[in-house]
Amino acid sequence: MTRHPEIVFRTLAMPVVFVMLAIGFHFFLRGHNAPGGGFIAGLIVAVTALLARMALDRRLLRLEPKTLVPIGLLIAMITGVFPMFFGDAFLKSAHGHTHWPFVGDFEWASAALFDLGVFLVVIGTTLTIIELLAEDSREENS
Amino acid sequence: MTAEALLILSVIAPFLGAILAPYLGRSLKARAGYPLILCFLPALFLVQYAPAARANAPLTAGFDWVPALGLSVDFRADGFSLMFALIVAAIGILILAYGAAYLGKSERHGRFFSYLLSFGGAMLGLVLTDNLIALFAFWELTSISSFLLIGFWGSRKASQDGAEKALMITALGGLALLVAVILLAIAGGTQQISTLEFATLRSSPLFIPALGFLLLAAFTKSAQLPFHLWLPTAMEAPTPVSAFLHSATMVKAGVILVAKFGFLLDWGLFSQIIMYVGLATMFWGSYLALRQNDLKALLAYSTVSQLGILMSLYGSGHAFAATAHLVNHAAFKAALFMVVGIIDHETGSRDISRLGGLRRKLPISFIIALPAALSMAGVPLLGGFISKELFYEEMFHEGFLPMLIAVTGSIMTFAYCLRFLKVFFGPLRCENPNVHEASLRLWLPAAPLSLAVIAFGILSINPLKGLVFKSDTLAVWFTNLAAPSFGYEPGHLYLWHGFNLILGLSALTWALGIGLHLFRDPFHRFQQALTPAWNNNTLYYKALAGLEHFSSWFTHKTQGASFASHLRVIVLAFALIGASVLWRYLPENLSPVPLAFWLVALLIITDIVGVLMAQNRLSAIIFAGLAGVASTLLFVLLSAPDLALTQLLIETVTIILFLSVFRFLPRLHTYVRPRSLTLIDGLISLGVAGTIFTALLAVQTPIADRIKDFYLDYSKSIGGGYNVVNVILVDFRGYDTMGEITVLSVVAVSVFALLRIAVKRAKSESNDD
């Protein structure tokens, strides 16, 4: 698939990858108050990574995508377990406002961290499966 | 550190060690076992709460886990639990040290210690937990870590078989335990073991089924007849594992279960069943142990037999004698396994017929093995003698038949202990010409156990109190620790009971045991002649093959035909059931369908017709994608931007996925089928579509109205976000999401594994060509 990418596809891919990454992170961050969230953002970033892989033959991530799966799961799990140290139930959420220097008022929610776990698991799973299949078909060709 | 934290840490620390072990194993190799000893120290420090446990004021600790479901994590170090936790921790420490010396250079050390520690944590959790559900979870964890450890040398056929057999049988027991704990929790009205009440349970109709399942779990785990067959094959595990899991700790889980729930089981028929199953196991185990030529197999059958003793004692309510024997057995059996490991390590053989006179070459191992084996045989001055006397005494009270089985079993036990020791006596026989004593690192961990065996027998707690023989031995400290848990009065363990019938029976046992050993050749021929054509093992394999045969037959019958016919049955059944339900409960007025939806539906239908008409796969995929994109329009119309976005992205990913597997698929065939069948299929499809359509219109409104307001009202105040969909996903239904991403991860791992296997197979096939 990657041997003879179309010239238009290849030229356009670079800016598109950046724009899509930006959209992906934007969707992730705004997820709590507007359409978006970890699952959607994860899919966007996964598709972007696939685009980069196919058009530019370049990996967006240094790490193997499959390592993202346990990392994401661990983050979600830790977010869930954390309130238990304060005598609360598993996955009990917290949110509030904090004043940061230079940034100003920042609204945070522990659910965002849980969402980060979802985000990473989705990216990891999608990329692992598709890249493996794509790789196999490449081997088949050669 | 507070006491509660120590109790929780004692269970968690081994699991933390299990996470660290692979990293330590990479840099320290086998020596990683030494620092990992630290993980068992918190459990060992629990010893300071022994006085409290003795005074029946045990240390407890816990926290809520899911209060909404009444789940909590509770630990309770009552006397018996504490005593067993101490045994697990102490032997665990010795095994880690032993394993560090035992493992070769090229083993996967990190993995080994990781499995071993996760077992340790699970076992500590199993004995210390006070929650029924947690008990089940820890129980299953011990089965799984045992499976991984038996199959540690997974490339060997025998290891695979042993691991599989152990898992099959113990997992069967695990399922039974799950049923049992659920029934007990329902019948008793609580999940806390310590607050279960006999009277409440007894009056429930679930009581007897619960006990039945509990017994099935206990018998499978503790290798009681007829489930004993997994234990001997589990000896494929590395010897440190056999010493730890399959003699001293894990196999006692079933006994622990019977002991912990003894207050329920000490009741009529059940107590008789347990006692006789235990006695039968004791007899049969020692009979089979006499037949073995492999040292490890001999010890394995002897473990089966000794577990039978424990089971019969706890089952018939003689907890004092049982606990005394449990302590003794843990010490002498672990020591014996370690010695077998040393013999195997140094001579390269475990075959009794090829070994002899090793006491000259392995003097220290001999000194370690001697008291342990004699204690197992029940020779005076050693711990095993005292507990065997108690066993005789209790069985004497139970009646003539139990007594007879106990004595015959013990005679054979005596004989196989002598058979074990034979490798140290006689002329030197060994295949390795320059055999020499094992290194200090290997025998030192076994030495304390052997010392304990001696100490349990003769050492008096208070030597100043007259004759040593007339006072309690050290084992009594352990045994009486468990007293409050079982409600017995702290008893005494005297070496000398005076001249009585029990002592006479013991003397008879020794005499006949020696006799049996001297006439072992005729007895062996007798055993050979008696060997039946089938045994439990052949039955097991027959049953397994039968099960495979049945499932392939069943699959073939139900899913064997072409995919189309298979689908036809499912879809038709669905449509018929759905239609009949709708026929009876169709509401008066269905939800209206706005015009815009009809247009989108038309678009989707067009795309699907395109899929059906497509001449090649690429256009079919594109049409399917278009249908998916069109359905996102539906979500937009319903003002559900999150769903629309998700659907759109899923379509994109699906198309990419399709394209990447494209090359693996066979060429698209046009199947020739009769026109009538096409017509029938079309009608079925229309029927299904009609059913789903009507069903959706019928149920849509009422459900949405009930739930909607709650989420809209509380999204901001509880979840802290305005996007209700997302707040539901990550907060209100966060548990679901947690489950979903776990499933997703499992899928990723499975797909990865399957594809890797497929690629490997393809490669090896192309290499063969």
Side-chain angles (χ1 to χ4, degrees), chain A residues 1 27 30-40 42-44 46-47 50 54 65-66 69-70 72-73 76-77 79-80 84-85 87-91 93-96 107-112 114-115 117-118 120-122 124-126 128-137 139-141, chain B residues 63-69 71 73 640-646 648-650 652-653 656-664 715-723 725-727 729-735 737-738 740-749 751-752 754-756 758-759 762-763:
Chain A
M1 228 177 280
F27 270 50
R30 75 172 196 175
H32 222 47
N33 290 321
F39 192 79
I40 290 173
L43 283 174
I44 295 177
V47 171
L50 284 173
M54 286 178 184
K66 62 172 183 283
V69 177
L73 208 53
M77 198 74 94
T79 325
M84 292 166 79
F85 291 108
D88 276 327
F90 183 65
L91 272 176
S93 74
H95 58 91
E107 188 184 0
W108 58 269
S110 69
F114 182 73
D115 222 11
V118 177
L120 293 178
V121 171
V122 170
T125 308
T126 316
T128 307
I129 295 175
I130 294 184
E131 283 194 358
L132 255 176
L133 287 170
E135 212 142 287
D136 281 0
S137 58
E139 269 170 28
E140 208 96 322
N141 286 341
Chain B
F63 49 90
D64 284 344
W65 184 27
V66 192
L69 293 177
L71 288 181
V73 178
D642 276 282
L643 288 179
L645 260 174
T646 312
L648 196 65
L649 284 162
I650 290 286
T652 318
V653 174
I656 298 175
L657 195 63
F658 261 131
L659 290 175
S660 39
V661 293
F662 207 63
R663 289 156 206 278
F664 296 108
S715 171
K716 181 63 193 165
S717 58
I718 297 179
Y722 291 110
N723 178 3
V725 175
N726 199 51
V727 173
L729 280 177
V730 297
D731 200 329
F732 288 130
R733 312 295 308 264
Y735 235 113
T737 310
M738 188 75 225
E740 278 150 18
I741 58 174
T742 313
V743 170
L744 207 58
S745 312
V746 173
V747 169
V749 172
V751 171
F752 186 76
L754 282 174
L755 286 176
R756 285 284 287 271
V759 171
K763 271 184 188 158

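The figures here come from the full heavy-atom set of this structure, side chains too, leaving out hydrogens, waters and symmetry mates. It should be emphasised that the depicted structure is a prediction, and the values quoted were computed from it without experimental measurement. Throughout, protein chains are lettered first and strands after them, A, B, ... in sequence-line order, and every chain is numbered starting at 1.
Between B/L657 atom CG and A/I130 atom CD1 the span is 5.0 Å, to the nearest 0.5 Å. A distance of 8.0 Å separates CE of A/M77 from CD1 of B/I741, quoted to the nearest 0.5 Å. With values rounded to the nearest 0.5 angstrom, A/I44 atom CD1 is found 6.5 Å from B/L645 atom CG. Note that CZ of A/F27 is 9.0 Å distant from CG of B/D642, once rounded to the nearest 0.5 Å. Once rounded to the nearest 0.5 Å, the distance linking CD1 of A/I40 with CG of B/L643 reads 8.0 Å.
Side-chain contact between A/F39 and B/T737 is absent, with no heavy-atom pair separated by less than 4.5 Å.
Using a 4.5 Å cut-off between heavy atoms, B/T652 touches chain A through its side chain atoms alone.
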Side chain to side chain contact (heavy atoms under 4.5 Å, CB included) between B/V653 and A/V47, intermediate numbers included: CA-CA 7 Å; B/V653 174; A/V47 171; 3.5 Å; yes
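The most heavy-atom pairs under 4.5 Å with chain B, out of A/T128, A/L73, A/V122, A/V118, come from A/L73.
Listed by chain and residue number, A/V69, A/V121, A/I129, B/L744, B/A748 satisfy the side chain to side chain contact (heavy atoms under 4.5 Å, CB included) test with A/T125 (two or more places apart in sequence, or in another chain).
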